[in-house]
Structure formats: structure tokens, C-alpha cells
There are 2 protein chains.
Amino acid sequence: MSEQIKAIFDKHDIKITNARSSILEVLKNAHTPLNYEQIKEKMETMMDKATFYRNIAKFESLGIVHKFESDDRKWYFELSTSIHAHFICEECHQIKCIDVSMGEVEGDVKSIVLKGTCKACK
Amino acid sequence: MSEQIKAIFDKHDIKITNARSSILEVLKNAHTPLNYEQIKEKMETMMDKATFYRNIAKFESLGIVHKFESDDRKWYFELSTSIHAHFICEECHQIKCIDVSMGEVEGDVKSIVLKGTCKACK
DNA sequence: TAGTGCAATGCAACTTAGTTGTAACTTAAT
DNA sequence: ATTAAGTTACAACTAAGTTGCATTGCACTA
């Protein structure tokens, strides 16, 4: 288990389990948000989907992980970092992290998703 | 059937049916994007959900209607207008249309969804 | 206005991402 | 090592949206 993941467990005072460190390790190494299927493929530990979703829910409530919906009725997950936007291409379904500067918005923004057609598909 | 709806049928040269005009009429009168259940409640014409979703898909492909996913695994629909963003409150689940000005983005943007906590819930 | 072809509809069965109940098992603290 | 509290696997479930197909209805022609 990497130092970064260990620090997360320490900080939030939750039990260290194989399932949890495995999920976080995959998310740490990802360069883009991933859905359940994609995370499952990359994980070395086998686990039930119920376990996966319950842990993801816990991570989310602790602010460790951030989730959003794409246009395929699937949820995508990533480790929480600074607020940034995601561009989802409706043609190739690739997800790209982008920086956006926007005017003032009422309320706390936790996630920004743009959909459309990417440069390559245009 | 209102003039506005009639104009849509004329423009796109598609068959006028009760189901179609009923769906469009509801969307025309809505001040906010609606999901299937909400549209169903407001419609006077009864129709099967298969009919609803097939027509919505047709409207979408013609650019008449715009769709996006909220955080409840449901799709929300509205008549296509100028590009604007939607703010979805994760507490009260209300959807608010907002204007955002953002820097240049690669590709064509068709939808923008922000999620977070709205002013009232904060 | 009656007839006709093709598109739209209703029904029912299906798909699938995510959820829930529960008994068995781990973790971590004593 | 013991033990209580939290975690896991398994299987059954939920519900939004989809699909196949027989029937119906729109709109065009004569």
C-alpha cells in the first residue's frame, strides 16, 4: 500500500481492508475518472460489486472520492482533488479533465460536467 | 396545439401525433427540465413509456429536445434553446438554469451541468 | 372519400447499473 | 488470544430505460 493511500486511512480513521486499499490504489494510478467495470479490470483484489459500491459510498461521504454521471448511465469516480471540469465526448465517449474559469455561481460547486463533441471527433 | 409546436412539426417534417404534441406541449410550458415521471404527470394524453422514450430519442436526434442526467439516475429533458448551464443541488435536488461564462473549450459543447449545494441549502 | 403503405403505438418481456438483507468473516483494540 | 464492531460475499431485488412484435393510425393518392 502506497504512502498516499495509507495517509488517507490515517486521516479519516477508517479500517484498512484489502478491498478499500485496492480501490484507492487503482484510482490513485488513474489519469482519468473510471467507472465500476474499468476499476474492476484494473484491480488485483476480487470483490463483490456490493462491496465496491458500499466502499465508494463511504469514500464519497468522507470526501475522499468524487463521483459524477456520464451519458452512459454509469458513474465515474476519481480521487478528490481541486475542482475541475470534465468534458465528455458523445461520439468517442472519452472523458477529459479540463480547467474552466467561470463567473460567480450561487452555492458551492462540487462537480462540473460538459458534454458535446470533442476536437478529434468534430 | 400551439403555434410554436406546430412550427416544430412543419420545420422537421415529422408526423403529427397526439403523443408527440403532448410531450412538446408539456416541455414548452415547463420552466425547468423535467424527467419522465414529471412529464407523465403533466400530460393529458396517456402513452406507454416506450412511446415516450422513442419520441424523445427522435426529438433529440433532430435537435428539438436536449437531455442530461441528474444525480438520481434519471434523464431530464427540455426544449433546445441557447446553450446554458444547469445547477443541480445535491441536497434539495432542484435544478436551476444559470448563465456561465467560461474560457475557451476544445470542441463543441452541448450541455453543462454543475452539481453542488445551492444557496438555500447551504 | 376510400384505400394503402409506412411509420407510430401499446404491450409485455427484457436489460443492467446500482441496492439491500443477512449470515459469515476481519479488523483492531483489549 | 478474545471479542465487539465494522466489513464482506452471496443472492435476491429495484427501477429507468430498451426492444420485439402485432396492431393502429397518419397522410398521401386516386
Side-chain angles (χ1 to χ4, degrees), chain A residues 1 5-6 8-26 33-41 43-62 64-77 88 90 93 95 113, chain B residues 1 5-6 8-26 33-41 43-62 64-77 88 90 93 95 113:
Chain A
M1 183 171 46
I5 305 303
K6 195 169 178 313
I8 293 174
F9 283 114
D10 285 350
K11 180 176 172 191
H12 293 92
D13 197 29
I14 52 174
K15 281 190 185 174
I16 299 174
T17 69
N18 286 335
R20 287 181 182 165
S21 48
S22 183
I23 295 171
L24 292 178
E25 208 73 54
V26 170
L34 302 173
N35 63 33
Y36 166 60
E37 280 251 303
Q38 297 170 320
I39 294 172
K40 189 180 164 189
E41 279 169 17
M43 274 191 307
E44 300 179 4
T45 308
M46 279 303 174
M47 80 185 69
D48 193 73
K49 62 178 174 172
T51 302
F52 173 84
Y53 283 113
R54 278 195 267 236
N55 278 321
I56 280 285
K58 174 145 241 168
F59 293 152
E60 236 202 311
S61 71
L62 292 171
I64 299 170
V65 160
H66 171 75
K67 156 188 113 187
F68 63 90
E69 289 177 45
S70 180
D71 57 343
D72 54 3
R73 289 181 61 69
K74 290 176 189 165
W75 291 349
Y76 285 75
F77 308 98
I88 300 170
E90 291 171 339
H93 299 97
I95 300 175
V113 176
Chain B
M1 183 169 47
I5 305 301
K6 195 168 178 311
I8 293 175
F9 283 115
D10 285 350
K11 181 177 173 190
H12 293 93
D13 196 30
I14 53 174
K15 282 191 183 172
I16 299 174
T17 68
N18 286 336
R20 287 179 183 167
S21 48
S22 184
I23 294 170
L24 292 178
E25 209 72 55
V26 170
L34 302 174
N35 63 33
Y36 166 62
E37 280 253 302
Q38 295 170 321
I39 294 172
K40 189 180 164 190
E41 279 170 18
M43 275 191 307
E44 297 179 6
T45 308
M46 278 305 172
M47 80 186 67
D48 193 73
K49 61 179 175 171
T51 301
F52 172 83
Y53 284 112
R54 278 193 271 236
N55 279 321
I56 281 283
K58 173 146 241 167
F59 293 152
E60 237 202 310
S61 71
L62 293 171
I64 298 169
V65 159
H66 171 76
K67 154 187 114 185
F68 63 91
E69 290 178 45
S70 181
D71 57 342
D72 53 4
R73 288 179 60 70
K74 291 176 190 165
W75 290 350
Y76 285 74
F77 309 99
I88 300 170
E90 291 172 338
H93 298 98
I95 300 175
V113 176

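Within every chain, numbering begins at 1; the chains are lettered A, B, ... in the order of the sequence lines, protein sequences first and strands thereafter.
Across the protein-nucleic acid pair, A:R54 atom CZ and D:dT8 atom C1' stand 8 Å apart, rounded to whole Å. In this structure, the CD1 atom of A:I56 is 15 Å from the P atom of D:dT7, given to the nearest Å. If you measure from atom CZ of B:F52 to atom C1' of D:dA16, you get 11 Å, rounded to the nearest angstrom. B:R73 places its CZ atom 9 Å from the P atom of D:dG17, with the value rounded to the nearest Å. Regarding A:K74, its NZ atom lies at a distance of 17 Å from the C1' atom of D:dA15, rounded to whole Å. Between the P atom of D:dG6 and the NE2 atom of A:H12 lies a distance of 18 Å, rounded to the nearest Å.
First and last contacting nucleotides of DNA chain C toward chain B (any atom under 4.0 angstrom from a heavy atom, 5' to 3' order): C:dC6 to C:dG18.
At a threshold of 4.0 angstrom between heavy atoms, the contacts of B:N55 are confined to the sugar-phosphate backbone, with no base atom among them. Within 4.0 Å of A:A50, counting heavy atoms only, lies at least one base atom of the nucleic acid.
One distance of note links OG of A:S70 with CD of A:E90; it measures 9.0 Å at 0.5 Å rounding.
Pairs of residues two or more places apart, or lying in two chains, that qualify as salt bridge (Lys or Arg N to Asp or Glu O under 4.0 Å) and include a residue from residues 49-61 of chain A are A:E60-A:K67.
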Study note, to complete from the structure: In B/S/- notation (B base, S sugar-phosphate only, - none; protein heavy atoms under 4.0 Å), nucleotides 25-30 of chain D written 5' to 3' is BBS---

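The 5' end of DNA chain D is approached more closely, in terms of each residue's nearest nucleotide, by A:K58 than by the other of B:K49 and A:K58.
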